[in-house]
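Worksheet for the structure shown next.
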Amino acid sequence: MKAGQICAVLGAGTMGGGIAQFLATAGCETFLYDIDEEPLVKGLESIRARLLRLEEKKKLSREARESVIARIHPVTDLSSLSHVTCVIEAVVERLEVKRELFAGVEKVVDDQAWLATNTSSLSVTEIATVLHRPERMMGLHFFNPAMIMPLVEVVSGERTDEKVAKQAAEWMSNLGKEAVMVKDTPGFLVNRVARPFHNEAYRIVGDGVAEKSQVDRILREAGFPMGPFELQDLIGIDINYAASVAVYEGNFQDPRFRPHPAQRKLVESGALGRKSGRGHYTYDE
Ligand SMILES: NC(=O)c1ccc[n+]([C@@H]2O[C@H](COP(=O)([O-])OP(=O)(O)OC[C@H]3O[C@@H](n4cnc5c(N)ncnc54)[C@H](O)[C@@H]3O)[C@@H](O)[C@H]2O)c1
């Protein structure tokens, strides 16, 4: 398949850097775009460090590491993306920023190029309304860390051409991902099914039924790789809270998805999980 061989990843942060590393490792020429040199340099440094660790662990040869790096082309100018066949956007989670960026991208890329957003909580349909050709736009929702987590949600907006979404899902599968095709609904599939897991855990602790560590242990023993509280500490309590709010609001405040106030309090107090040294548990800096 031709489309998707030359990729652009917009945003060199946590997700963009991971997606670019994944694509370049899978053999795709990848342009990594950000608004400024500084985030690009930082993003590339993180990619280099991760690849070096793989080489040290003998999971990657030196030649392979060098060729992955050589396939990533950092750019700060949208016009450098004129010949890409697939664009994956992973910039800040703000509707207007994404819409403005896609409007600019559409002016530069070929009519047939695929356009995808990695948004977790915004509407793919709404982002796509800025485009003249919204049928080639979809969500490609990777999970953190994107170069490791196998799952990718391929999200069809109201105007997405199903043929394009299907081809994108096949492309992802060919590159080694587990692609799941979903509709553009709040939280898509994964963030939606995860809500009861997280929200009910807060209620159990809030009602005094069990301690957080007990809930985590019981769920681990039941077969989950991690319990809800230790998982939230890893994801970031703020990120998980934003997902809870998005699913709740996106479903017209359906009480099934109501977040727990304790979750907001943790965010307000700066207890964001591992990244802040404390969340549900405390961590050494
Ligand atoms: N972090 C996660 O766990 C996760 C998981 C899945 C999806 N997402 C989604 O991925 C996207 C990115 O999240 P992140 O955690 O990587 O954010 P981040 O803050 O780590 O990175 C965002 C990057 O976008 C850049 N940027 C901002 N405005 C830009 C613009 N106009 N043009 C180009 N670059 C711009 C920033 O300089 C930064 O490098 C969001 O939509 C988020 O919802 C995040």
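Whatever order the structure lists ligands and atoms in, that order sets their numbers, starting from 1.
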Any ion pair linking Arg217 and Glu221 (charged N to carboxylate O, less than 4.0 Å)?
yes

Please list all pairs passing the ring pair (Phe, Tyr, Trp, His ring centres under 6.0 Å) test where one or both residues lie in residues 74-111, with sequence neighbours left out.
Phe31-His83

Determine, for Arg133 against Glu135, whether the closest basic-nitrogen to carboxylate-oxygen distance falls under 4.0 angstrom.
yes

Sub-4.5 Å side-chain heavy-atom contact between Leu81 and Leu10:
yes

Strictly under 4.0 angstrom, heavy-atom based: which residues surround ligand 1?
Gly11, Ala12, Gly13, Thr14, Met15, Tyr33, Asp34, Ile35, Pro39, Ala90, Val91, Val92, Glu93, Val97, Lys98, Leu101, Asn118, Thr119, Ser120, His141, Phe142, Asn144

State, with a plain yes or no, whether a side-chain heavy atom of Tyr33 is found less than 4.5 Å away from one of Val105.
no

Within the structure provided, determine whether Glu106 and Val130 are in side-chain contact (heavy-atom separation under 4.5 Å).
no

